[in-house]
Amino acid sequence: TGPIGQGTTLTVDATQRWRDRRETGADQQTIRVMVEQQVAERTRLGGGVMLFDTAGLTEIRTHQQAVFNLGRIEARTRLEQRFFDGADRMELRLRQRVTYNQPVAEGWRASAGVEWLGIVRSRNAGEGTATEQWRFQTSVVHSVTPELDIGAIYWLVSFPRGGRPEQVSHIPQAVVTWRF
């Protein structure tokens with residue numbers, strides 16, 4: 001991630017997700033490109049495109065977002081347009097996230113947050129709106145140099161499923177961030 005103009009940041013993100021085939025299917029690879037513009041002292045606007053590949057099935061996702069910083073609290077609203085192989089139509093998903101960020105020691109910071117993901121329009125004709133998932137996240141990050149961060153993240157993800165028991169996933173992550 002890094003600046004590409006006055007108040008404008010470019011982020012390129014690639015991930016490899018190893019997943020339990022019995023619970024979530026095949027492993028997944030992603031790549032995301034996003035541009036954000038600082039439009040006010042505490043407000044950024046941005047958007048981007050993301051490509052997911054899961055066992056040869058593709059999702060292409062575009063999004064627009066607004067991010068508000070209120071001291072140590074950050075709030076993000078994101079609207080996603082999701083295009084799936086074989087879907088009836090484009091899916092619209094709304095994401096609302098709130099994160100609390102806390103410095104903990106020289107070069108160390110921690111965060112905790114919650115995110116709601118809701119389907120505004122399903123990819124399947126005839127299906128209505130729904131809460132797709134809740135994500136609870138915590139992380140610890142260390143700034144190794146001014147350009148390099150390393151960290152650990154834990155997500156607890158809840159998938160409500162109507163009258164059936166919710167599905168819960170525990171997701172540990174390692175993260176490396178390089179700023180150019």
Side-chain angles (χ1 to χ4, degrees), residues 1 8-17 19-20 23-40 42-70 72-101 111-139 153-171 173 175:
T1 189
T8 305
T9 303
L10 171 70
T11 300
V12 178
D13 178 334
T15 63
Q16 170 64 48
R17 297 176 178 174
R19 302 177 346 164
D20 185 337
E23 291 185 27
T24 57
D27 294 346
Q28 186 176 71
Q29 297 78 39
T30 72
I31 187 160
R32 174 177 58 111
V33 177
M34 183 176 66
V35 176
E36 281 190 310
Q37 176 69 46
Q38 190 79 37
V39 296
R42 298 176 181 264
T43 306
R44 300 186 317 269
L45 297 177
V49 62
M50 189 171 211
L51 173 67
F52 287 77
D53 180 75
T54 309
L57 297 175
T58 301
E59 175 191 350
I60 298 172
R61 184 185 303 171
T62 58
H63 77 271
Q64 305 76 44
Q65 68 183 32
V67 181
F68 306 97
N69 286 305
L70 310 165
R72 292 186 178 161
I73 297 173
E74 181 178 274
R76 182 189 77 191
T77 296
R78 177 182 282 178
L79 181 64
E80 297 176 328
Q81 301 78 42
R82 303 173 75 196
F83 302 88
F84 294 90
D85 287 343
D88 297 335
R89 60 189 183 184
M90 174 193 63
E91 181 170 279
L92 288 175
R93 182 166 71 178
L94 181 63
R95 298 173 65 163
Q96 299 290 143
R97 182 178 76 186
V98 176
T99 305
Y100 177 79
N101 299 293
S111 69
V114 61
E115 183 173 20
W116 172 82
L117 291 79
I119 302 299
V120 177
R121 184 177 92 165
S122 174
R123 70 190 97 165
N124 301 314
E127 289 185 9
T129 61
T131 293
E132 181 185 33
Q133 57 186 273
W134 285 93
R135 292 181 179 178
F136 302 90
Q137 178 182 4
T138 187
S139 68
I153 302 171
Y154 168 74
W155 283 5
L156 182 142
V157 183
S158 168
F159 300 89
R161 301 186 312 167
R164 300 177 301 162
E166 74 175 318
Q167 177 183 341
V168 175
S169 293
H170 301 277
I171 305 168
Q173 298 179 327
V175 63

Side chains of Thr11 and Val33: closer than 4.5 Å at any heavy-atom pair? no

Would you say Glu74 and Thr99 are linked by a side-chain donor-acceptor pair, where the criterion is simply a distance under 3.5 Å? no

Would Arg123 pass as a cation-pi partner of Phe84, given that its NZ or CZ must be under 6.0 Å from the six-membered ring centre and within 45 degrees of the axis? yes

Test item: Asp85 side-chain N/O and Thr58 main-chain N/O as donor-acceptor pair under 3.5 Å: yes

Begin with the C-alpha distance, continue with both residues' side-chain angles, and end with the deciding distance and a verdict on side chain to side chain contact (heavy atoms under 4.5 Å, CB included) for Glu166 and Arg161. CA-CA 5 Å; Glu166 74 175 318; Arg161 301 186 312 167; 5.7 Å; no

Taken to the nearest 0.5 Å, the spacing of Leu79 CG from His63 NE2 works out to 10.0 Å

Under a 3.5 Å distance rule, please check whether Arg121 uses its side chain to pair with a backbone N or O of Met90 as donor and acceptor. yes

Are Thr15 and Thr30 linked by a side-chain donor-acceptor pair shorter than 3.5 Å? yes

Mind checking the CD1-OH spacing from Ile73 to Tyr100? Nearest 0.5 Å is all I need. 7.5 Å

Restricting to non-hydrogen atoms, name the atom on Ser139 and the atom on Ile153 that form the minimum distance, rounded to 0.1 Å. CB-CG1, 3.7 Å

Where is the tightest heavy-atom contact between Leu94 and Thr77, given as atom of each residue plus distance? CD1-CG2, 4.0 Å

Identify the heavy atoms of Gly128 and Ile119 that sit nearest to each other, and give their distance. O-CG2, 4.4 Å

With a 4.5 Å heavy-atom cut-off, do Gln173 and Val175 have their side chains touching? no

Under a plain distance cut-off of 3.5 Å, with no hydrogens placed, do Gln64 and Glu80 share a side-chain donor-acceptor pair? no

Scanning both residues in full, the closest heavy-atom pair of Thr54 with Ala26 reads CG2-O, 3.6 Å

If we only count heavy atoms from C-beta on, is the Arg61 to Arg32 side-chain gap below 4.5 Å? no

Less than 4.5 Å apart, any side-chain heavy atom of Trp134 and any of Val157? no

Is there side-chain contact between Glu132 and Arg93, with at least one heavy-atom pair below 4.5 Å? yes

Verdict with supporting geometry, Leu117 and Glu115, side chain to side chain contact (heavy atoms under 4.5 Å, CB included): CA-CA 7 Å; Leu117 291 79; Glu115 183 173 20; 3.7 Å; yes

Under-4.0 Å salt bridge between Glu91 and Arg82: yes

Can you list the steps and then say if Phe159 with Val168 is a side chain to side chain contact (heavy atoms under 4.5 Å, CB included)? CA-CA 6 Å; Phe159 300 89; Val168 175; over 6 Å; no

Within the 3.5 Å criterion, strictly below it, is a donor on Ser169 or Trp155 matched to an acceptor on the partner's side chain? no

Checking Gln38 side chain against Ala40 main chain: does a donor-acceptor pair fall under 3.5 Å? yes

Are Asn69 and Arg44 close enough that some pair of their side-chain heavy atoms sits under 4.5 Å apart? yes

Checking Arg89 side chain against Ser122 main chain: does a donor-acceptor pair fall under 3.5 Å? yes

Donor + acceptor pair across side chains of Glu36, Thr9 (<3.5 Å): no

For Val120 and Thr129, the nearest pair of non-hydrogen atoms, with its separation, is O-CG2, 3.2 Å

Quick check: does any side chain N or O of Thr1 sit under 3.5 Å from a backbone N or O of Leu10, one acting as donor and the other as acceptor? yes

Provide the closest heavy-atom pair for Ser111 versus Asn101 in the form atom of the first, atom of the second, distance. CB-OD1, 3.3 Å

Trp116 vs Gln96, test: side chain to side chain contact (heavy atoms under 4.5 Å, CB included). Steps then yes/no. CA-CA 5 Å; Trp116 172 82; Gln96 299 290 143; 4.1 Å; yes

Is any side-chain heavy atom of His170 closer than 4.5 Å to a side-chain heavy atom of Leu156? yes

Any side-chain heavy atom of Tyr154 sitting closer than 4.5 Å to one from Ile171? no

